[in-house]
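Here is the structure we will look at, set down as structure tokens.
We're numbering straight along the sequence, starting at 1.
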Amino acid sequence: FHQGEGDVGHGVYVKGASVLQMLRGMLGEEIFWKGVQRYTQNHLNQLVETRDLQRAFEDVSGRNLGWFFQQWVELPHVPELSVRWQHQKGVLDVTVKQSGGKEQPMYTLPIEIEVGSQKTVTYHKSWIDDRSTRISIPMEKAPDYVAFDPKKAILAKVTYEQDASEWKAQLQSPSAHARLDAIYGLKEAKGAAELGAVLVDVTRHAVLRSTAAKQLGEMGEGSLMMEGLKDPHAAVRKASIQALEKTTYKESVPTLLGLYKKDPNPDVRARVLDTLAALEPKKALELARKEVKSKKFRPAMLYSMLGVFRTLGALSDIPNILEYGKKHGIRGSVLWSLTTILNREELGTKRSKMRERIARYTEDLLYDQNQRVREAAIRILREVGDDRSIAHLKTLIQTENLSSFHESARSSIKEIRSRDDSISSKTPNEEAARLKEIEERLENLEKDYKKLIEKY
């Protein structure tokens with residue numbers, strides 16, 4: 001992963017894909033796909049381990065890849081690199097430094113550098129196997145840009161020493177990943193004007209324009225993002241709207257309201273509601289209240305509407321949300337929204353009555369055919385349940401086969417018994433609840449024991 005792209009090392013599946021991409025870059029397209037073919041054919045419908053994959057690639061490439069799989073599959077780390085370049089006396093020097101220590105081993109890495117100069121692009125390959133590696137390339141004039149690992153062939157955390165003008169030049173790279181790196185680099189180099197120019201350039205790919213919008217949002221540059229709201233591509237409009245949520249640019253509200261009413265893409269309209277919740281909360285709540293009472297069910301708007309209620313809703317909104325959920329068969333998401341609103345309110349008669357109403361609705365969902373809905377209902381009753389709910393939870397324990405449900409239901413019963421809403425939303429009375437739970441378990445054990453005696 002490179003600058004601005006998140007911690008891929010924490011994602012098991014993403015790291016696996018990245019390792020394969022590194023093999024692809026190191027071995028070349030032809031050998032890589034021959035290795036994939038050898039691996040799949042030799043192990044069709046078989047259990048496999050990493051060594052089988054390694055052997056397949058070694059067979060077709062004729063290379064020992066033990067070092068590669070050892071450092072990328074067995075080690076939990078990823079290398080941390082810093083890259084800088086300079087041109088002087090007819091030579092381009094690219095220096096790559098690798099961080100290391102007792103807990104961070106040194107890596108051996110195949111690298112590629114793309115050099116763009118006067119409308120020509122050249123590629124230079126080398127290896128990193130030390131703390132610092134310098135690649136020297138004879139070149140009469142300074143290049144327009146130098147892109148490190150333009151095809152994303154290595155898994156590494158990379159930082160760069162470049163200014164905004166150099167990142168701007170890299171936007172002309174023929175490599176998609178190098179252009180994307182330039183977008184992230186411009187944010188770090190505070191190149192807001194350059195990012196704004198990318199956003200309005202409809203000849204550029206929508207992914208680049210969307211990424212530029214996100215970076216402008218991180219920088220708080222609301223005024224530069226307004227053109228993105230008019231973009232012909234829905235993904236760019238959506239990214240621009242989401243990015244505005246991170247700014248304080250309230251001047252965008254009239255345009256956002258126009259998109260909410262007229263944009264042909266339902267996902268774009270939903271993102272407007274999310275952003276309005278941050279920029280103009282009262283207006284967002286007004287729109288959410290209209291949406292929840294609408295006769296039309298708009299699936300794309302569901303989570304945005306409920307998100308507004310979770311953040312801004314009041315007790316008076318709960319009946320309408322409940323009715324909405326019943327009418328359209330929405331269960332788990334509605335429940336979490338209701339409890340969030342409830343827990344935000346002060347204790348009192350109105351809150352107690354509304355809690356009872358939610359509890360009755362939730363109890364019915366303990367018998368739902370969907371396992372996830374039943375699971376959510378158990379956890380919701382932990383928050384809002386009362387004595388009547390305990391009877392339903394006991395029934396579930398007797399009829400549900402999954403042991404995890406039994407533990408969750410018992411935990412909810414214990415929480416309900418220990419809660420005293422007349423004092424606070426979660427005042428513990430743990431000892432009494434624990435004793436009651438033990439008594440019930442003993443009673444159930446006695447019943448099971450009697451059944452075994454009668455049977456044998």
Side-chain angles (χ1 to χ4, degrees), residues 292 299 302-315 317-347 350-441 444:
V292 80
L302 170 65
Y303 294 106
S304 296
M305 177 193 72
L306 292 177
V308 171
F309 282 126
R310 281 194 296 272
T311 306
L312 305 168
L315 285 178
D317 293 312
I318 288 178
N320 289 327
I321 299 172
L322 272 173
E323 187 59 32
Y324 178 91
K326 291 176 182 178
K327 184 188 300 182
H328 301 299
I330 310 300
R331 295 157 295 189
S333 300
V334 164
L335 286 176
W336 288 116
S337 300
L338 296 175
T339 54
T340 303
I341 296 171
L342 188 73
N343 291 334
R344 195 168 54 243
E345 295 295 325
E346 294 183 1
L347 298 172
K350 290 183 178 179
R351 183 184 185 278
S352 297
K353 288 182 177 179
M354 203 59 71
R355 192 198 69 194
E356 291 174 8
R357 188 166 180 174
I358 297 172
R360 302 293 83 81
Y361 175 78
T362 306
E363 288 159 6
D364 289 340
L365 300 182
L366 289 174
Y367 309 98
D368 194 276
Q369 292 183 349
N370 189 307
Q371 178 180 322
R372 291 184 180 275
V373 173
R374 297 198 304 278
E375 185 179 18
I378 294 171
R379 288 184 283 127
I380 294 295
L381 287 174
R382 195 174 302 168
E383 301 285 333
V384 303
D386 52 28
D387 289 342
R388 289 176 61 179
S389 305
I390 291 175
H392 290 279
L393 288 167
K394 287 182 176 179
T395 299
L396 181 136
I397 291 172
Q398 298 299 324
T399 58
E400 180 62 61
N401 293 325
L402 292 174
S403 59
S404 60
F405 275 36
H406 298 171
E407 291 302 316
S408 183
R410 289 190 182 101
S411 176
S412 293
I413 291 171
K414 182 178 179 180
E415 184 68 21
I416 291 168
R417 284 174 173 157
S418 66
R419 187 178 58 238
D420 184 356
D421 279 349
S422 65
I423 301 172
S424 69
S425 59
K426 285 187 177 180
T427 299
N429 188 5
E430 297 289 346
E431 191 64 26
R434 186 177 68 83
L435 289 172
K436 185 67 176 176
E437 180 185 15
I438 292 172
E439 288 173 1
E440 289 183 353
R441 289 194 178 192
N444 289 331

Side chains of [X] and [Y]: does their closest heavy-atom pair fall under 4.5 Å?
X: Phe309; Y: Thr340; value: no
X: Arg382; Y: Ser408; value: yes
X: Ser337; Y: Met305; value: no
X: Trp336; Y: Arg379; value: yes

Which pair of non-hydrogen atoms, one from [X] and one from [Y], has the smallest distance, and what is that distance?
X: Ile341; Y: Gly313; answer: CG2-O, 3.9 Å
X: Leu366; Y: Ala377; answer: CD2-CB, 3.8 Å
X: Leu381; Y: Ala359; answer: CD2-O, 4.0 Å
X: His406; Y: Ile397; answer: NE2-O, 3.3 Å
X: Leu342; Y: Met354; answer: CD1-CB, 4.3 Å
X: Ser333; Y: Arg310; answer: O-NH1, 4.3 Å

For [X], side chain to side chain donor-acceptor pair (under 3.5 Å) partners two or more places apart:
X: Ser304; result: Arg271, Asp274
X: Arg360; result: Glu363, Asp386
X: Asp368; result: Arg331
X: Tyr367; result: His392

What residues, two or more places apart in sequence or in another chain, satisfy salt bridge (charged side-chain N to carboxylate O under 4.0 Å, His left out) together with Arg374? Glu400

Please round to the nearest 0.5 Å and tell me the distance separating atom CG of Leu393 and atom CZ of Arg410. 11.5 Å

CG of Leu402 to CD of Gln371: how many Å apart, nearest 0.5 Å? 5.0 Å

Backbone N/O of [Y] and side chain of [X]: donor-acceptor pair under 3.5 Å:
X: Arg417; Y: Ile390; result: no
X: Asn320; Y: Asp317; result: no
X: Arg351; Y: Leu315; result: no
X: Ser418; Y: Glu415; result: yes
X: Ser412; Y: Ile378; result: yes

Per side-chain contact (heavy atoms from CB on, under 4.5 Å), Glu383 is matched among Asn343, Leu338, Ile358 by Asn343

Please table the atom pairs, donor to acceptor, closer than 3.5 Å between any side-chain atom in residues 321-329 and protein atoms at least two apart or in another chain.
none

Walk me through it: do Lys353 and Glu356 pass the test salt bridge (Lys or Arg N to Asp or Glu O under 4.0 Å)? CA-CA 5 Å; Lys353 288 182 177 179; Glu356 291 174 8; over 6 Å; no

